[in-house]
There are 2 protein chains.
Amino acid sequence: MTDHAHAFCCPDHSGAAPAEAILAQAEARARARGARLTPVRRRTLEILLEAHGALGAYDVLEKLAAEGYGTQPPVAYRALNFLVEHGLAHRIRRLNAFTACTHPGEDHRAAFLICAQCNSVTEATAPELSRALHAAARTAGFTIECSTIEALGRCSACTPA
Amino acid sequence: MTDHAHAFCCPDHSGAAPAEAILAQAEARARARGARLTPVRRRTLEILLEAHGALGAYDVLEKLAAEGYGTQPPVAYRALNFLVEHGLAHRIRRLNAFTACTHPGEDHRAAFLICAQCNSVTEATAPELSRALHAAARTAGFTIECSTIEALGRCSACTPA
DNA sequence: GCCTTGACTGTTATGATATAACAACAGATA
DNA sequence: TATCTGTTGTTATATCATAACAGTCAAGGC
């Protein structure tokens with residue numbers, strides 16, 4: 001799943017928001033919400049941050065198990081679900097996978113851009129997009145609780161010039 | 001999954017676009033694309049059209065099997081994938097389920113509104129939404145091949161007045 | 001007519017993803 | 001200290017999806 005050669009296709013994980021800062025933010029955010037970022041949970045978030053692209057629950061589990069945490073699926077799913085619930089990670093449904101949130105703290109509704117070639121997942125904040133979706137829902141008399149926006153295609157690095 | 005009492009929450013399947021018309025359109029569309037809407041495929045589409053909300057592949061399989069078609073998962077998945085590929089049905093990723101396209105023929109990019117209470121799935125055409133997504137992608141240098149937009153919430157019938 | 005061809009259907013078997021239910025434990029608190 | 005709540009880990013199982021292969025059938029070339 002994450003077997004690409006790691007060239008220039010993963011903008012977020014060598015650049016802008018370094019893992020340590022994100023972890024610190026995550027810690028603060030969890031605290032603020034009365035939730036505990038326990039060792040497994042913290043380590044799970046680190047694993048996601050270290051990854052290129054999104055990771056499946058079983059990929060995460062494998063790493064956790066190798067480090068002495070539990071070896072069974074619920075261990076990974078619980079940690080991942082915790083992170084998702086608290087806005088520290090996102091579930092990418094098209095991939096049955098998870099990715100760290102690259103800007104936790106902000107109350108955002110993101111769209112995910114999934115590169116079919118290098119497997120990178122880019123989180124695009126798009127207020128207008130969210131607005132358009134809510135508008136469309138309102139027209140139908142529908143009240144949105146949460147939404148998923150995912151696009152599959154080619155990232156800038158994988159697009160032939 | 002589809003065990004609600006069928007009150008007023010499924011706008012599309014007692015109203016606007018009757019199943020027969022959709023089937024006829026589907027037939028025409030398949031023909032036009034050089035594809036064959038064989039008995040299993042047609043019946044699968046009918047099953048989706050008859051359903052309240054979206055159906056899982058195994059739900060569809062159960063019905064097909066009961067009617068003398070194959071009894072194994074690939075039978076359902078193949079038919080469903082055919083329908084999706086030809087724009088006659090949609091995959092709802094959040095539900096691991098499928099739903100008939102309520103307006104085949106139009107080259108649309110739809111958003112799906114999933115009611116958490118009655119399980120209905122409404123297909124909302126939203127040109128602006130699509131436009132906003134493409135715009136957001138372009139900003140990131142990303143080229144979209146296909147996209148998924150799904151929202152979970154309450155439909156009009158399930159929203160307390 | 002009949003034979004080749006390619007698409008379709010069905011099967012067995014297996015893989016991949018996800019959760020239910022329970023036991024042990026750790027920290028907070030009355 | 002006794003108890004409660006939340007967390008972790010386990011076993012077992014449920015759910016979703018596909019690979020690979022064999023038989024079938026309709027359409028077109030000869």
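Chain letters run A, B, ... following the sequence lines, proteins first, then strands; residues in each count from 1. Heavy-atom basis, side chains included; hydrogens, waters and symmetry copies ignored.
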Under 4.0 angstrom between Thr71(A) side-chain N/O and dT10(D) OP1 or OP2:
yes
Nucleotide dG23(D), atom C1' - distance to OH of Tyr69(B) in whole Å:
19 Å
Please figure out whether Gly34(B) or Gly70(B) has its closest DNA chain C nucleotide nearer the 5' end.
Gly34(B)
Measure CD/Glu67(B) against P/dT9(C) and give the value in whole Å, please.
15 Å
Nearest-Å distance, CG (Leu95(A)) to C1' (dA16(C))?
14 Å
Ile92(B) CD1 to dC16(D) C1', in whole Å, measures 16 Å
Residue set satisfying side-chain contact (heavy atoms from CB on, under 4.5 Å) with Arg31(A), at least two apart, ordered chain then number -> none
Using atom CZ of Arg31(B) as one end and atom P of dA27(D) as the other, report the distance to the nearest whole Å.
10 Å
By side-chain contact (heavy atoms from CB on, under 4.5 Å) - contacts of Ala136(A) (at least two apart):
Ala126(B)
Using whole Å, report how far NE2 of His86(A) lies from P of dG6(D).
12 Å
Any luck finding a side-chain donor-acceptor pair between Thr148(A) and Arg94(B) under 3.5 Å?
yes
Just by protein heavy atoms under 4.0 Å, how would nucleotides 18-30 of chain C read 5' to 3' in B, S and -?
BBB----------
Whole angstroms only, please: what is the CZ-P distance between Phe82(A) and dG9(D)?
15 Å
Could you list the residues that satisfy ring-ring contact (aromatic ring centres under 6.0 Å, His included) with His90(A), not counting sequence neighbours?
His108(A), Phe112(A)
CG of Leu55(B) versus P of dT15(D): gap in Å, rounded?
16 Å
side-chain contact (heavy atoms from CB on, under 4.5 Å) with Arg42(B): which residues, sequence neighbours excluded?
Leu23(B), Glu27(B), Leu37(B), Glu46(B)
Kindly write out the residues that satisfy ring-ring contact (aromatic ring centres under 6.0 Å, His included) with Tyr69(A), not counting sequence neighbours, or none if the list is empty.
none
